[in-house]
Protein chains: 2
Amino acid sequence: MIIDKSSPIPQYFQLQTWLKEQIHHGVFKVEDKIPTEEELVQLTGLARATVRQAIQNLTNMGYLVRKKGLGTFVTKPNISPQKQVIIGLIVPDIRSGYAPELARGAEDEAARSKHSLILCSSDDLYIKADFHANRLIENSVSGVIFVPTASSDSKNRTIVQKFQEKNIPVVLADRTIPYLDLDHVTTDNFEGAYNLTNYLIKKGHKKISFVYSNIFSTEKLRFNGYKKALEDNGIQYDPSIVVSHTGPYNEEQFSKYAQAILKQKKRITAVFAGHDRIALTFYLVARDMGLSFPEDLSIVGYDDLDFETLSLTTMHQPIYEMGIESVKLIDSRINGEKNGHQSIVLKSYLIERESVLRNK
Amino acid sequence: MIIDKSSPIPQYFQLQTWLKEQIHHGVFKVEDKIPTEEELVQLTGLARATVRQAIQNLTNMGYLVRKKGLGTFVTKPNISPQKQVIIGLIVPDIRSGYAPELARGAEDEAARSKHSLILCSSDDLYIKADFHANRLIENSVSGVIFVPTASSDSKNRTIVQKFQEKNIPVVLADRTIPYLDLDHVTTDNFEGAYNLTNYLIKKGHKKISFVYSNIFSTEKLRFNGYKKALEDNGIQYDPSIVVSHTGPYNEEQFSKYAQAILKQKKRITAVFAGHDRIALTFYLVARDMGLSFPEDLSIVGYDDLDFETLSLTTMHQPIYEMGIESVKLIDSRINGEKNGHQSIVLKSYLIERESVLRNK
DNA sequence: TTTGTATAATTGTCTATACAAAGTAATTAT
DNA sequence: ATAATTACTTTGTATAGACAATTATACAAA
């Protein structure tokens, strides 16, 4: 029998479930007419009002369409049985640095699970990141990949918390925020910088300038790797050839730093730039000052950006993979697979080009 | 009286309308309890089932919440009075060419109207563009900015039609598709190429090679501009120094073209590359062949990509503005402001750098 | 060929009634 | 004072029956 009168489950609900099963099993197919109310009354022994309640509910749910004078019909298996997943990506600027590569990695991985990616550029400003965060929340995204801005840690935390309040999983990409237990994908910045510094030292360089922004976790780690490598090789750390800029990269400012460093009397032989952009600035300034390259000055960068005509020795960061891993993390959060927060640290490797010369 | 028994309008519907009005006019406020079913029976003279039908409908619509044993309550006036607008952006690859600039322009303009941008890279392939199109449609985007792929016109048309069937406005960015009346944002490719060719001619060049992909509307127009400029200056068009590649840009292939052109006996003095990437490839090949630059060979490109260390004379395309205008067009479509399709042609301008030398 | 009419089938609207289930509030027992 | 009981209110489930509105079909009339 279809209806169990002794069951505590409401009879309209039993009928409703039965009808749904019939549709699901293809007994009533798409566009088919299901039995009339009267027939269902005969079939189940229920009152017509009860039958109607079951049918009405299924109609509201979109399983059925009722047509006056004609009957009740099974609707086309409707749109989107699985909810659309949208992931927000907040980068400093989609035009610069590694952002395009990160975006593409994230996009490709998202596409694999039929997810979509909303693009947000923060210009490294808290206020823009906050604006985007609000919009992402309004769009009820399923997760966010966030590259922290150049603002203070506490402001970056505010943004993360905004998402957390709405139970939206957040993955920090590349940079991290202190005192915040979060999923995080980055590269081995300390180790990478350590290896790169060692490489310079093995090439005979002792006076190695280090120029970086001290507000980003990544560059701070690189600086630590640099210092450790000096120490392990018995080279005295010299603060006078280190530039620690409190703020994000800025072409004009870093050009001045480059000029200052290159004009110093105690001649440096190599520059370790906090990232490739800085390396490029150094190269341009050095060239303008009449230094020949790499004969007069060896330069290494960090990131492996695509400078077509500048053959820069640098540390390649697997940015594309970072995008992939970020989306994977978001995905596992959405599916509630993991508990506790994960930090994924990807390996970077040295790309030896022609910007470093053995120091005699 | 609340209910007009003689009206042809169903009584449950009359009650439903009345209740909705009371809520709207604030007689029943948010979180308020509305009269119980029994009270409404007294008030209206209807049967309880009829009253229930009215209440049930309003519950389904989200106006009311029923609580067993407690009563029926007015819900909070729900979320999102204004719908979120999401715009899809389909570019060949967010990592290359002008895509980042276009994306950023679109993003900034979208942000101004609190819209969001979903990023899609097609790799210039029909199949990927189609995949993204389907996902954008599933996400019910409000509009799409589409850079046609390197596939055939008919395949690109198929994708556009997919959106049109769902009444989703489409704007073609940069490239166009023949025989398709659509909103379109581009630059004056013919005129730009004409001017750039004239510039070369005024610099004394007569043997000017032209190398391009003949599958894109933009580069075809540039080629036409090039030919027209030759003609207007009385220079014989020479097909043997023109490379017309049937397919998208491809580094390996274009390197071979460059080698072939540069090895020819009838020595060319300048190259007009279909876009900056091609110009770069020519530069690299020429350099590897021992040609000095720009003394032995003048090169011009098109796009004004950011090649840090290559001082390329080129035609600057206002790509950022193209992104802005594209979103503006989508916006006016969404608001139903315009009828008929619009073509916006932005002005490009010559950037004179150091890659062109006067030919003696 | 078109238009009108009758009829059957089916869903839509509505009334009247009864008991169940889930809360609240007052009362009673401990 | 606290806990258990009871009474009451309100929505939830269910039955039985009546008539209205809409559609398809067949047949008749213009």
Side-chain angles (χ1 to χ4, degrees), chain A residues 1-20 22-23 28-75, chain B residues 1-20 22-23 28-75:
Chain A
M1 276 305 285
I2 298 166
I3 304 297
D4 177 5
K5 293 243 177 196
S6 68
S7 163
I9 298 165
Q11 295 166 52
Y12 78 92
F13 195 83
Q14 292 182 41
L15 175 57
Q16 191 176 313
T17 307
W18 182 79
L19 284 168
K20 223 163 24 175
Q22 304 305 303
I23 294 170
F28 306 142
K29 298 202 189 79
V30 173
E31 304 280 289
D32 265 11
K33 183 181 163 185
I34 68 164
T36 66
E37 295 181 356
E38 193 49 46
E39 281 167 345
L40 286 172
V41 166
Q42 301 293 320
L43 203 66
T44 58
L46 299 174
R48 193 175 148 223
T50 308
V51 170
R52 278 183 67 73
Q53 191 174 0
I55 293 176
Q56 188 58 57
N57 285 344
L58 291 175
T59 304
N60 289 340
M61 289 185 226
Y63 289 95
L64 300 174
V65 181
R66 320 182 73 170
K67 290 181 185 168
K68 206 188 282 188
L70 294 178
T72 304
F73 303 85
V74 179
T75 53
Chain B
M1 277 305 284
I2 298 167
I3 304 297
D4 176 4
K5 293 243 175 196
S6 69
S7 163
I9 298 166
Q11 296 167 52
Y12 79 92
F13 195 83
Q14 292 183 42
L15 174 55
Q16 190 177 312
T17 308
W18 181 79
L19 283 168
K20 221 159 36 173
Q22 303 304 301
I23 293 170
F28 305 141
K29 298 203 189 80
V30 173
E31 304 280 291
D32 265 12
K33 183 180 164 185
I34 69 165
T36 66
E37 295 180 355
E38 193 48 46
E39 281 167 343
L40 286 171
V41 167
Q42 300 293 320
L43 202 67
T44 57
L46 298 173
R48 197 178 144 219
T50 309
V51 170
R52 279 182 65 75
Q53 192 175 359
I55 293 177
Q56 188 58 56
N57 285 344
L58 291 175
T59 304
N60 290 339
M61 289 185 225
Y63 288 96
L64 300 174
V65 179
R66 320 181 76 171
K67 290 181 185 169
K68 207 187 280 189
L70 294 176
T72 305
F73 303 84
V74 179
T75 53

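Only heavy atoms go into these numbers, but all of them, side chains included; no hydrogens, no water, no symmetry mates. So you know, we letter chains A, B, ... as the sequences are listed, proteins then strands, and number each from 1.
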Under 3.5 Å, which N/O atoms of the protein pair with N/O atoms of nucleotides 16-18 of chain D?
| from | atom 1 | to | atom 2 | distance (Å) |
| --- | --- | --- | --- | --- |
| dA18(D) | N6 | R48(A) | NH1 | 3.3 |

Interatomic distance, [X] [atom1] vs [N] [atom2] [rounded to whole Å]:
X: I55(B); N: dT11(D); atom1: CD1; atom2: P; value: 7 Å
X: Q14(A); N: dT13(D); atom1: CD; atom2: P; value: 12 Å
X: Q42(B); N: dT15(C); atom1: CD; atom2: P; value: 14 Å
X: Q56(A); N: dG12(C); atom1: CD; atom2: P; value: 7 Å
X: L40(A); N: dT11(C); atom1: CG; atom2: C1'; value: 13 Å
X: I3(A); N: dT13(D); atom1: CD1; atom2: C1'; value: 13 Å

Could you go through residues 61-70 of chain B and list every donor-acceptor pair under 3.5 Å that involves a side-chain atom there, pairing it with any protein atom two or more places apart or in another chain?
| from | atom 1 | to | atom 2 | distance (Å) |
| --- | --- | --- | --- | --- |
| R66(B) | NH1 | Q56(B) | OE1 | 3.1 |
| R66(B) | NH2 | E37(B) | OE2 | 2.2 |

note = Contacts of Q14(B) meeting side chain to side chain contact (heavy atoms under 4.5 Å, CB included) (sequence neighbours excluded), chain-then-number -> I3(B), D4(B), S7(B), I9(B), Q11(B)
Set of side chain to side chain contact (heavy atoms under 4.5 Å, CB included) partners for Q42(A), sequence neighbours left out = E38(A)
Looking at [X], I'd like to know whether one of its side-chain N or O atoms comes within less than 4.0 Å of OP1 or OP2 on [N].
X: Q11(B); N: dT13(C); value: no
X: R52(A); N: dT11(C); value: no
X: T50(B); N: dT13(C); value: no

query = For the residue pair T36(A) and E39(A), what are the closest heavy atoms and their distance?
reply = N-OE1, 2.9 Å
task = For F13(A), report the nucleic acid contact type (base, sugar-phosphate, nothing); a contact means any heavy atom under 4.0 Å.
result = nothing
task = Pull out every stem in DNA chain D, meaning runs of 3 or more consecutive Watson-Crick or G-U wobble pairs with both distances under 3.5 Å.
result = C:1-30 with D:1-30
Distances under 3.5 Å between nitrogen or oxygen atoms of protein and nucleotides 6-10 of chain D:
| from | atom 1 | to | atom 2 | distance (Å) |
| --- | --- | --- | --- | --- |
| dT10(D) | O2 | G69(B) | N | 3.3 |

